[in-house]
Amino acid sequence: MCGICGFTGAVEADLPILKAMCDVMAHRGPDGEGQYIDDGIALGHRRLSLIDLEGGNQPMVRATGDHASAVTSPALMPDGAPCASPEAAAAKGDYAIVFNGEIYNYRDLRAELETEGWEFQTSSDTEVLLTGYLAWGEGVLDRLRGMFAFAIWNRASRELFCARDFFGIKPLYYTVQQGAAGPQLIFASEIKCILEHPAYERALNEDALEQYLCFQFSALDETFFKGIFKLPPAHCMTVRADGAVEMRRYWRPEYAFDEGRSREDTVEAIDAAMRESVRYHNVADVEVGSFLSSGIDSSYMAACLAKENPAIKTFTVGFAEYEGERDEITWARELADELHIANSSKHIGEEEYWASLPRVQWHMDEPSADPSAVALYFVDQIAAEQVKAVLSGEGADEFFGGYRIYQTPFANAKLSWAPKGLLKGASKAARALGVRGANYLERASERPEDWYYTNANGVAFSPEERERLRAGKRAAGVLRPASPQELIAPAYAEVAGLDDTTRMQYVDLFFWLVGDILLKTDKMSMAHSLESRVPFLDKRVFEVSATIPTRLKANGEQTKLTLREAAERAIPKDWAQKEKLGFPVPVVNWLRQERYYDEIKAWFTGDIAAKFFDTGELVRLLDEHKAGADRSRKIWIVYMFLMWYKIYFVDQKAPEKPAA
């Protein structure tokens, strides 16, 4: 929907700083902007208009007391000047809000508030959110259905209340720095906005680099920028007048399997929840389109949306390298024809893929080594040419058991009769002899928390490989970095009594989903001023998924068992039962070409690489890959970090947009 930013401890003279913070994220909201400065607070907003196109401007303020108090958007005063004085703020209201996201049930909440006597001046979800906070306090969070990151200023108490949605769909970054009058909180939808504030001095957080090498994404609450943090999903925080920050978790996913419900009733519950969620996610005053790939998630979702709006537009990308084969685009076109809906597609060329990499890393804020982020960049680009919002299928795998790795516990169960020590010894012997099956035997001898931390397992660096890369490159006295297993241990502990597959899904909710999947979803769509909506990541959909026993989600032969059956009610069986392939990015082959080998070798032997890594190890990875071993993901992890570091710490400016 938009981008937000702000800081405490503000004075009127800080308006240029606030304006610069807004300007650097103009791509998040090209339809409007607003700045609000009162004594002690600065709030900024960039708007992408989707609901109440005329009346939903921000920052928005409202008075307390009388339920009929007027609400206004003091982005600009009548004379065209920003609201930047205490007198103007007092005339305008006692609470101010900046909000990024969508509250899909805002009409339901508005009706409830109206029965309590509250009146409204706009048709926006922003006003409903602010009024809901005045009526119910922090309890409003439990009533919301949507994606959100917002900040509300209480002028009387001089406190700032911030919150982020249940699954971390929308980002919120913050830092606490020492200002002229004491501690100062600075927050924004993107890190690059915080970098515009003079109180923050950019510095690399090498702890984030250590974990990135194993996870392929930024896995810590503290970002790659030292002192800048992410507000975790389902958390809120209050910044007190004395600068103290109090944070709490307001929601926690809970599982309560309904073992007595039949398979047919389970399928019915999934289908009903998905259709309702898609209906809510279609709420907008602009046209909403949908992504459409070869997979079940987007296919099912697009078919549900087509029932709401037969004129929907869908969007697909594939790679020119696979053109002429049965690729993403072929599958999508065939399904679009079957459903009688429009589909626009694009084959991404090799040259434009590589040319887009610097811009992608700039938009991501932190290094991302997921090659499919670039595919998202291009599908968002073609969608933004026709619509302002799209539905996307993220979250289905984590909710309904879609990743193949979730089948591992079923395979391990076949060896449950064998002593763990025997299995571990057999694994070591198999690995020493080069015999296949060593990983299978090792995993069967361990608990999931001993080996599984995200979908980067096996493709990113192991702690041992990380040590070879980083040995001798850490500052003196720096402690050994935590292992991935140590990092995810608290998440496993929260669901200690559940089955292994569900525990793996739970870990992915708070690492893989929010750190990789949702980050690229938000940043790549906002790069093109497009809102990406995710109907699977709906609180009600999760509540249904959390009642489904694991045996009805996955087994040793198939994933998403009951989700596939629910999808068959909307799409042909060939699509509903199609195997999950992931998005086939041809990086493996590209990295064996002489031109890319030479280009990356120059990066791997350069000054930046030498600052952080054993360059001999890096070149060895390149050579092994060129000789036939697949080292592509490890190469990509390092390459994207080096590119990101150059952009943010050497050049310190946005790369040029690639030619269209």
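The residues of the chain are indexed from 1 along the displayed sequence. Because the structure is a prediction, the values reported are computed rather than measured.
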Peer 1: Taking the side chain from Glu159 and the backbone from Arg240, do they hold a donor-acceptor pair closer than 3.5 Å?
Peer 2: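 No, Glu159 side chain to Arg240 backbone: no donor-acceptor pair under 3.5 Å.
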Peer 1: Work out which heavy atom in Met147 is nearest to a heavy atom in Ser532; give both atom names and the distance.
Peer 2: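 Here Met147 and Ser532 meet closest at CE-O, 3.7 Å.
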Peer 1: Please lay out, stage by stage, how Phe649 and Trp644 fare under the test ring-ring contact (aromatic ring centres under 6.0 Å, His included).
Peer 2: CA-CA 8 Å; Phe649 283 89; Trp644 169 87; 5.7 Å; yes
Peer 1: Check Arg143 with Asp108, please: is the shortest side-chain N to carboxylate O separation under 4.0 Å?
Peer 2: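 Salt bridge between Asp108 and Arg143, a charged N being under 4.0 Å from a carboxylate O: no.
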Peer 1: Could you walk me through whether Phe399 and Phe167 pass the side chain to side chain contact (heavy atoms under 4.5 Å, CB included) test, one step at a time?
Peer 2: CA-CA 11 Å; Phe399 282 14; Phe167 302 106; 3.6 Å; yes
Peer 1: Determine whether more than 12 heavy atoms belonging to other residues, nucleotides or ligands lie under 6.0 Å from atom CD of Gln652.
Peer 2: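 Check passes, neighbour count above 12.
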Peer 1: Ala389 and Arg533: which non-hydrogen atoms are nearest, and at how many Å?
Peer 2: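 Heavy atoms of Ala389 and Arg533 come nearest at CB-NE, 4.3 Å.
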Peer 1: With side chains defined as the heavy atoms from C-beta onward, is the minimum distance between Gln216 and Met640 less than 4.5 Å?
Peer 2: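 Contact flag for Gln216/Met640 side chains = no.
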Peer 1: Met60 and Asn57: which non-hydrogen atoms are nearest, and at how many Å?
Peer 2: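 Shortest heavy-atom separation between Met60 and Asn57 comes out as CE-O, 3.6 Å.
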Peer 1: Test Asp380 against Ser525 for side-chain hydrogen bond (donor to acceptor under 3.5 Å, both in side chains), laying out the working first.
Peer 2: CA-CA 5 Å; Asp380 286 321; Ser525 60; 4.9 Å; no
Peer 1: Do you know which two heavy atoms are closest between Ala96 and Val61, and how far apart they sit?
Peer 2: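 In terms of heavy atoms, the two residues are closest at CB-CG1, 3.4 Å.
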Peer 1: Of all the heavy-atom pairs spanning Ala306 and Ile341, show the shortest one and how long it is.
Peer 2: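 Here Ala306 and Ile341 meet closest at CB-CG2, 3.8 Å.
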Peer 1: Given Thr521 and Glu394, is the side-chain hydrogen bond (donor to acceptor under 3.5 Å, both in side chains) satisfied, shown in steps?
Peer 2: CA-CA 8 Å; Thr521 298; Glu394 285 77 12; 3.2 Å; yes
Peer 1: Do we get Arg202 above Phe225's six-membered ring, with its NZ or CZ under 6.0 Å from the centre and within 45° of the axis?
Peer 2: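 So Arg202 doesn't make the cation-pi contact.
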Peer 1: Do the ring planes of Phe542 and Trp251 sit parallel (below 30°), tilted (30 to 60°) or perpendicular (above 60°)?
Peer 2: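 Judged by the thresholds at 30° and 60°, the geometry between Phe542 and Trp251 is perpendicular.
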Peer 1: Decide if the gap between the ring center of Phe229 and the ring center of Phe187 is smaller than 6.0 angstrom.
Peer 2: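 Centroid separation for Phe229 and Phe187: 6.0 Å or greater.
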Peer 1: Taking the six-membered ring for Trp, are Trp636 and Tyr353 parallel (under 30°), tilted (30 to 60°) or perpendicular (over 60°)?
Peer 2: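 Answer is tilted, since the angle falls between 30° and 60°.
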Peer 1: Go through the steps to decide whether Glu190 and Arg28 satisfy the test salt bridge (charged side-chain N to carboxylate O under 4.0 Å, His left out), and finish with yes or no.
Peer 2: CA-CA 10 Å; Glu190 300 195 357; Arg28 295 189 75 94; 2.9 Å; yes
Peer 1: With a 6.0 Å cut-off on the ring centroids, do His528 and Tyr377 count as close?
Peer 2: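 When the ring centroids of His528 and Tyr377 are compared, they turn out to be within the sub-6.0 Å range.
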Peer 1: What are the two closest non-hydrogen atoms of Cys2 and His45, and how far apart are they?
Peer 2: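 The answer is SG-NE2, 3.1 Å.
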Peer 1: Between Thr175, Asn205, Leu204, which is the residue that forms a side-chain contact (heavy atoms from CB on, under 4.5 Å) with Lys226?
Peer 2: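 Per the side-chain contact (heavy atoms from CB on, under 4.5 Å) rule, the option paired with Lys226 is Asn205, out of Thr175, Asn205, Leu204.
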Peer 1: Could you go through Asn154 and Tyr133, starting from their C-alpha distance and side-chain angles, then the distance that decides it, and tell me whether this counts as side-chain hydrogen bond (donor to acceptor under 3.5 Å, both in side chains)?
Peer 2: CA-CA 11 Å; Asn154 181 333; Tyr133 180 76; 5.9 Å; no
Peer 1: Can a cation-pi geometry be assigned to Arg249 and Phe510, taking NZ or CZ under 6.0 Å from the six-membered ring centre and within 45° of the ring axis?
Peer 2: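 Yes, Arg249 lies over the aromatic ring of Phe510.
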Peer 1: Between His235 and Tyr250, is the gap from one ring center to the other below 6.0 Å?
Peer 2: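 Not close enough - the centres of the two rings lie 6.0 Å or further apart.
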Peer 1: So, for Tyr212 and Phe224, is the gap between ring centers shorter than 6.0 Å?
Peer 2: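 Yes, the ring centres sit under 6.0 Å apart.
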Peer 1: Quick one: does any side-chain atom of Asp38 pair with a main-chain N or O of Ile41 as donor and acceptor, under 3.5 Å?
Peer 2: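 Such a contact is absent between Asp38 side chain and Ile41 backbone.
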Peer 1: Verify whether the ring centers belonging to Phe148 and Phe166 lie closer than 6.0 Å.
Peer 2: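 Yes, they do, as the ring centres are separated by less than 6.0 Å.
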Peer 1: Are Val387 and Leu530 close enough, and set up right, to give a side chain to side chain contact (heavy atoms under 4.5 Å, CB included), and what steps lead you there?
Peer 2: CA-CA 8 Å; Val387 297; Leu530 177 76; 4.2 Å; yes
Peer 1: Taking the side chain as every heavy atom from C-beta outward, state whether Val317 and Ser345 have any atom pair closer than 4.5 Å.
Peer 2: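 Sidechains of Ser345 and Val317: no contact.
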Peer 1: Between Asp508 (side chain) and Trp512 (backbone), is there a donor-acceptor pair under 3.5 Å?
Peer 2: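 Between the backbone of Trp512 and the side chain of Asp508 there is no qualifying donor-acceptor contact (under 3.5 Å).
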Peer 1: Decide side-chain hydrogen bond (donor to acceptor under 3.5 Å, both in side chains) for Gln184 and Thr8; before the verdict, give the C-alpha distance in whole Å, the side-chain angles of both, and the deciding distance to 0.1 Å.
Peer 2: CA-CA 5 Å; Gln184 183 175 33; Thr8 60; 5.7 Å; no
Peer 1: Answer yes or no: is there an ion pair linking Glu33 with Arg47, defined by an N-O contact shorter than 4.0 Å?
Peer 2: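 No salt bridge links Glu33 with Arg47.
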Peer 1: Yes or no on salt bridge (charged side-chain N to carboxylate O under 4.0 Å, His left out) for Lys230 and Glu222, after CA distance, side-chain angles and deciding distance?
Peer 2: CA-CA 6 Å; Lys230 310 160 194 166; Glu222 187 176 15; over 6 Å; no
Peer 1: Could you check whether Glu352 pairs with Lys346 (Lys NZ or Arg NE/NH1/NH2 to Asp/Glu carboxylate O, under 4.0 Å)?
Peer 2: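 Yes, charged N to carboxylate O under 4.0 Å.
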Peer 1: Ignoring hydrogens and angles, tell me if any N or O in the side chain of Asp14 forms a donor-acceptor pair with the backbone of Val11 under 3.5 Å.
Peer 2: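 Such a contact is found between Asp14 side chain and Val11 backbone.
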